[in-house]
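Encoded as structure tokens, the structure appears first; notes follow it.
Since the structure is predicted, the reported quantities are computational estimates derived from the model, not experimental observations.
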Amino acid sequence: MKTIHINTIRPYDVHIGAGLMDQLADLLPPKVTKAGLRGAKAVLITDENVDSLYGERVSEKLETLGFQVMKAVVPAGETAKSGEAYLKLLSFMADRHVSRSDMIFALGGGVVGDLAGFLAATFLRGIDFVQLPTTLLAAVDSSVGGKTAINLPEGKNLVGAFYQPVGVIMDVRLLDTLSREIFIDGCAEVIKYGMIWDRALFDKLERHVLPDKRQDEELMTEIIARCVEIKEEVVSQDEREKGLRALLNFGHTIGHAVEKNSGFSISHGKAVAIGMIMATKAAEQAGICEKGVGQTLERILTAYGLPVTTDFPGRALGEAMLADKKIDGAKIHLILPKKIGECYIHDMKTAEMETFLLGAEGTDGDYAK
């Protein structure tokens, strides 16, 4: 097991290893176990897929600790991060007289974690919550760092709050039940960390193609832990995304536009992969990025089974990006690579976005027709 301390305004630990669900009582922070001993309510939020696999098991663990468990199951998929679902869950908790001394447990992937975290941040002006990620994407990204949000029809994650959990427990054995497609989706975020921060991690990901190594618990623990370490290094310096933390959005601004244009039929990880490629190819064409980086990135994404092209035109993506929360007046903040392991924040006029995206064309594919 590896433990990473997240040094934010509300510090907490992230535990990563095999078989940790069986050690839940020992790994939860003292304030959580004390709440259980007092008979506090535990609102367990999960989705219908995860519930069938782990809902009963986690409920029993929490009941053993003394919690009164109240389970709320949401539909699987991005549609659960809606205002309607959020309001229903608020009413669910209010009807059951959940108080500030009670807590929320988020059992699931990024959608569940984002939604449950936003509920925790806003219900009664804030109650404690614990992240129990069940996907690779949630383990390395959304469960750590305190970003919580729901979507609007106009764009993704437009309503949210920075609100840290009191603990994160990631049992790598839970990844065994993921479909290969969902596992691959999370790999895009893992590759992102190598691109923005750590060439050695990127090289290791090239040597060990994770979809073929997912049963290697030691390797998975090591890779996930390194990603969380990088996120801690960034978030501890810039918790509320005033500068450095924006690097974690590499591939996301364009990726969110891809998701929106697809009606969310393209998954988050696949959209981020497309976003990373488009940003890298355009940066190369503009002379910002070292030559050959786009080809190297394309090679690893392809090896992992992630997409490297999109049929959405640059104009459509540019229009969708105008609704992105990273717009600042007449500027948008794009994360662009200089080389593998180093990215920077590039402020671009919104009027220039479409022309910049077109710079991704004409290399190894039609990236923005």
Worked verdict on Ile104 versus Asp128 for side chain to side chain contact (heavy atoms under 4.5 Å, CB included): CA-CA 6 Å; Ile104 290 173; Asp128 289 335; over 6 Å; no
Determine whether Val43 and Arg96 make a side-chain contact, defined as any pair of heavy atoms from C-beta on separated by less than 4.5 Å. no
Considering all heavy atoms of both residues, which atom of Leu107 and which atom of Thr46 are nearest to each other, and what is their separation? O-OG1, 2.8 Å
Specify the closest pair of heavy atoms between Ala279 and Ile254, including all atoms of both residues, with the distance to one decimal. N-CD1, 4.0 Å
Rounded at 0.5 Å granularity, tell me how far OG1 in Thr296 sits from CE in Met195. 8.5 Å
Strictly distance-based, threshold 3.5 Å: is any side-chain N or O of Ser262 a donor or acceptor partner for the main-chain N or O of Ile266? yes
Within one Ile-Leu-Val-Met-Phe-Trp-Tyr cluster: Val235 and Val190, side-chain cutoff 4.5 Å: yes
Correct closest heavy-atom pair for Asp102 and Ile127 would be O-CB, 4.0 Å
Compare all side-chain heavy atoms of Tyr163 with those of Phe129 and state whether any distance is below 4.5 angstrom. yes
Do you know the tightest heavy-atom contact between Ala320 and Ala257? CB-CB, 3.6 Å
Sequence neighbours excluded and cut-off under 3.5 Å, please list the side-chain donor-acceptor pairs for residues 174-183, or say none.
| from | atom 1 | to | atom 2 | distance (Å) |
| --- | --- | --- | --- | --- |
| Thr177 | OG1 | Tyr54 | OH | 2.6 |
| Thr177 | OG1 | Leu174 | O | 3.0 |
| Ser179 | OG | Ile182 | N | 3.2 |
| Arg180 | NH1 | Pro211 | O | 3.1 |
| Arg180 | NH2 | Asp212 | OD1 | 3.2 |
| Glu181 | OE2 | Lys270 | NZ | 3.4 |

Say whether His5 and Glu232, considering side chains only, have a donor N or O and an acceptor N or O under 3.5 Å apart. no
Given the rule in the side chain to side chain contact (heavy atoms under 4.5 Å, CB included) test, do Leu136 and Cys187 qualify, once you have shown the distances and angles that lead to the verdict? CA-CA 7 Å; Leu136 180 59; Cys187 291; 3.9 Å; yes
Value for CG (Leu247) from CD1 (Ile335), rounded to nearest 0.5 Å, stands at 5.5 Å
Determine yes or no for a side-chain-to-main-chain donor-acceptor pair under 3.5 angstrom, with Asp95 supplying the side chain and Phe92 the backbone. no
At what distance, to the nearest 0.5 angstrom, does CE of Met348 lie from NZ of Lys331? 12.0 Å
Show, in sequence, the C-alpha distance, side-chain angles and deciding distance for His268 and Lys156, and conclude whether the side-chain hydrogen bond (donor to acceptor under 3.5 Å, both in side chains) test is met. CA-CA 11 Å; His268 178 70; Lys156 188 170 177 178; 3.1 Å; yes
Is it the case that His252 and Glu189 place a side-chain donor and acceptor less than 3.5 Å from each other? yes
Looking at Glu206 and Arg299, is any side-chain nitrogen of the basic one under 4.0 Å from a carboxylate oxygen of the acidic one? yes
Contact check, side chains of Tyr344 and Ile288, non-hydrogen atoms, under 4.5 Å: yes
Hey, quick one: are Leu219 and Leu201 part of the same hydrophobic cluster, counting side-chain heavy atoms closer than 4.5 Å, chains of contacts allowed? yes
Check whether any side-chain heavy atom of Leu297 sits under 4.5 Å from a side-chain heavy atom of Ile191, and report yes or no. yes
For the residue pair Val209 and Tyr304, what are the closest heavy atoms and their distance? CA-OH, 3.6 Å
Any Lys/Arg nitrogen of Lys338 or Glu290 sitting under 4.0 Å from an Asp/Glu carboxylate oxygen of the other? no
So does Leu334 get a backbone contact from the side chain of Thr253, meaning a donor-acceptor N/O pair under 3.5 Å? no
Would you kindly confirm whether Ile224 and Met1 end up in one hydrophobic cluster when ILVMFWY residues are joined by side chain heavy atoms under 4.5 Å apart? no
Arg57/Asp22 ion pair, N-O < 4.0 Å: yes
For residues Leu124 and Leu44: do they belong to one hydrophobic cluster (side chain heavy atoms under 4.5 Å, members Ile, Leu, Val, Met, Phe, Trp, Tyr)? no
Taking atom types as modelled and ignoring hydrogens, do the side chains of Asn249 and Glu241 form a donor-acceptor contact shorter than 3.5 angstrom? yes
With a 4.5 Å heavy-atom cut-off, do Val111 and Asp47 have their side chains touching? no
Using the rule that two of Ile, Leu, Val, Met, Phe, Trp, Tyr join whenever any of their side-chain heavy atoms come within less than 4.5 Å, decide whether Ile6 and Ile16 are in one cluster. yes
Go through Glu229 and Arg226 one step at a time and tell me if the salt bridge (Lys or Arg N to Asp or Glu O under 4.0 Å) criterion holds. CA-CA 5 Å; Glu229 286 172 350; Arg226 181 57 190 141; 3.3 Å; yes
Answer yes or no: is there a donor N or O on one side and an acceptor on the other, between the side chain of Arg199 and the main chain of Gly341, under 3.5 Å? no
Aromatic ring proximity Phe105/Phe67, centre distance under 6.0 Å: yes
Any Lys/Arg nitrogen of Arg245 or Glu239 sitting under 4.0 Å from an Asp/Glu carboxylate oxygen of the other? no
Do His346 and His333 have side chains that approach each other closer than 4.5 Å (heavy atoms only, starting at C-beta)? no
Is a side-chain donor or acceptor of Lys231 paired with a backbone partner of Val144 at a separation under 3.5 angstrom? yes
Nearest heavy atoms of Gly146 and Tyr12, plus distance in Å: N-OH, 4.3 Å
Please indicate whether Lys291 has more than 12 foreign heavy atoms, meaning atoms of other residues, nucleotides or ligands, lying under 6.0 Å from its NZ. yes
Is there a side chain to side chain contact (heavy atoms under 4.5 Å, CB included) between Val159 and Phe118? Walk through the geometry before answering. CA-CA 9 Å; Val159 181; Phe118 188 52; 3.6 Å; yes
Less than 3.5 Å apart, which donor and acceptor atoms pair up between the side chains of residues 68-86 and the rest of the protein, not counting sequence neighbours?
| from | atom 1 | to | atom 2 | distance (Å) |
| --- | --- | --- | --- | --- |
| Gln68 | NE2 | Gly39 | O | 2.8 |
| Lys71 | NZ | Asp51 | OD1 | 2.7 |
| Glu78 | OE2 | Asn151 | ND2 | 2.9 |
| Lys81 | NZ | Asp114 | OD2 | 2.8 |
| Lys81 | NZ | Asn157 | OD1 | 2.6 |
| Ser82 | OG | Thr79 | O | 3.4 |
| Ser82 | OG | Ala85 | N | 3.1 |
| Tyr86 | OH | Thr122 | OG1 | 2.8 |

With the threshold set at 4.0 Å, does a side-chain nitrogen-carboxylate oxygen contact exist between Glu154 and Lys260? no
Point-to-point distance, once rounded to the nearest 0.5 Å, from NE2 of His208 to CE of Met220: 12.0 Å
Under 3.5 Å donor-acceptor, Asp171 side chain and Ala18 backbone: no
List the steps, then state whether side chain to side chain contact (heavy atoms under 4.5 Å, CB included) holds for Ile332 with Met321. CA-CA 8 Å; Ile332 189 167; Met321 287 164 66; 4.0 Å; yes
Between Met170 and Thr221, is there a side-chain heavy-atom distance shorter than 4.5 Å? no
Flag this pair as yes if the NZ/CZ of Arg125 is under 6.0 angstrom from the six-membered ring centre of Phe123 and inside a 45 degree cone about the axis; otherwise no. no
Taking CD in Glu233 as the centre, count heavy atoms belonging to other residues, nucleotides or ligands within less than 6.0 Å. Is the count above 12? yes
Hey, does the side chain of Gln164 reach the backbone of Gly145 with a donor-acceptor pair shorter than 3.5 angstrom? yes
Presence of salt bridge, Lys204 and Asp198, under 4.0 angstrom: no
Should Glu298 and Gln295 count as side-chain neighbours, where that means a heavy-atom distance under 4.5 Å? no
